[in-house]
Amino acid sequence: MNAAALYFVNGMESETSVIARGLRRRDPELLDRLIEQYQHRLLRYLVHLTGNRELAEDMFQETWIRVLERGHQYDPKYEFSTWLFSIARHLTLDYLRKKRPASLDGLLDEEEGVSLDPPDLRPSALELVAQHEQAERISAALAGIAAEYREAIVLRFQEGLALEEIAVVTGSPVGTVKSRLYRG
């Protein structure tokens, strides 16, 4: 392993170790930093998973409460984002199972027109309109595929998770994740 790769791996381990220690201590500054760092990605994931902005915001709150309550369970050998997305996924699926008996296909919601991206501060109105239209097309395309495929696509291409991280989040083998990405 070359020096740069070794530095990166050691840097990653120390960052996850710092997070693990901070979560065990319930460090409010660490939690604020983590929320700030992951808020947009997590909310976007939850909106795609639930199909409902209000429910996604509720699940967002519940996820961070669970992180605070169970921070001692975080294993620093994994990325924090993987653990965070796993918590969010499990909370959402548990809520949807209790609310209405449904499979992952039941996660599709008929509501449309919800803006999924955070507000863009660019001054050009044309760019804003083009971005909105593209987001609607992507959301419509994602809504047309099965939930397990949609989830894999969102985690991979919008959240930038590696195949192994998606496998941990979804509790599926890497081969299944690859298959879902290909079929999706």
*Measure across A88 and L46 and return the closest heavy-atom pair with its distance rounded to 0.1 Å.*
CB-CD2, 3.8 Å
*Does a side-chain heavy-atom distance below 4.5 Å link L161 with S81?*
yes
*Are F157 and L181 close enough that some pair of their side-chain heavy atoms sits under 4.5 Å apart?*
yes
*Nearest heavy-atom pair of R24 and H72: which atoms, and what distance?*
CG-CA, 3.9 Å
*Quick one: list whatever passes side-chain contact (heavy atoms from CB on, under 4.5 Å) with Q39, sequence neighbours left out.*
I35, F60
*Hphob cluster co-occupancy, V177 + I145, side-chain heavy atoms under 4.5 angstrom*: yes
*Any side-chain heavy atom of D27 sitting closer than 4.5 Å to one from L23?*
no
*Apply the test salt bridge (charged side-chain N to carboxylate O under 4.0 Å, His left out) to residues R33 and E15: give CA-CA distance (whole Å), side-chain angles for both, the deciding distance (0.1 Å), then the verdict.*
CA-CA 13 Å; R33 184 172 58 90; E15 175 68 20; 3.5 Å; yes
*Atom CG of L93 and atom NZ of K98: how far apart are they, to the nearest 0.5 Å?*
12.0 Å
*Shortest non-hydrogen contact between A152 and I166, atoms and distance*: O-CD1, 4.0 Å
*Listed partners of Y78 passing side-chain contact (heavy atoms from CB on, under 4.5 Å), at least two apart*: D75
_Test side-chain contact (heavy atoms from CB on, under 4.5 Å) applied to L68 - qualifying residues, sequence neighbours left out_ = R26, L31
*Under the side chain to side chain donor-acceptor pair (under 3.5 Å) rule, collect the residues that match up with E62, sequence neighbours excluded.*
none
_Quick check: do L142 and V154 have side-chain heavy atoms less than 4.5 Å from each other?_
yes
*Measure the CG-CG distance between L84 and L34 for me, rounded to the nearest 0.5 Å.*
8.5 Å
*Could you pull out all residues at least two apart from T170 that satisfy side chain to side chain donor-acceptor pair (under 3.5 Å)?*
S172
*asked:* Which heavy atom of H48 sits nearest to which heavy atom of R150, and what is that distance?
replied: O-NE, 3.4 Å
*Determine whether the aromatic ring centres of Y38 and F85 lie less than 6.0 Å apart.*
no
*Does V169 reach the side chain of W83, with side-chain heavy atoms less than 4.5 Å apart?*
no
_To the closest 0.5 Å, what do you measure between CE (M59) and NE2 (H90)?_
14.0 Å
*Taking salt bridge (Lys or Arg N to Asp or Glu O under 4.0 Å) as the test, write out the residues that go with R183, two or more places apart.*
none
*Mind checking what makes salt bridge (Lys or Arg N to Asp or Glu O under 4.0 Å) contact with E57, not counting sequence neighbours?*
R53
*Which atom names give the shortest non-hydrogen contact between V18 and L30, and what distance separates them?*
O-CD2, 4.4 Å
*Starting at CZ of R156, measure out to CD of E165 and round the result to the nearest 0.5 Å.*
9.5 Å
*Who are the salt bridge (Lys or Arg N to Asp or Glu O under 4.0 Å) partners of D58, not counting sequence neighbours?*
none
*Could you pull out all residues at least two apart from Y149 that satisfy ring-ring contact (aromatic ring centres under 6.0 Å, His included)?*
none
_I'd like to know if R41 and E159 make a salt bridge, using a cut-off of under 4.0 Å between side-chain N and carboxylate O._
yes
*Results of salt bridge (Lys or Arg N to Asp or Glu O under 4.0 Å) for R21 - residues two or more places apart only*: none
*Set of side-chain contact (heavy atoms from CB on, under 4.5 Å) partners for A141, sequence neighbours left out*: none
*How many angstroms lie between atom CD1 of I87 and atom CD1 of I65, to the nearest 0.5 angstrom?*
12.0 Å
_Would you say that Y95 contacts L55 through its side chain, given a criterion of any heavy-atom pair below 4.5 Å between the two side chains?_
yes
*asked:* Please find the pair of heavy atoms, one from E151 and one from Y45, that lie closest to each other, and give the distance.
replied: OE2-OH, 2.9 Å
_Nearest 0.5 Å, please: how far is CG in L42 from CD in Q37?_
12.0 Å
*hydrophobic_cluster_shared for L91 and W64, side chain cutoff 4.5 Å*: yes
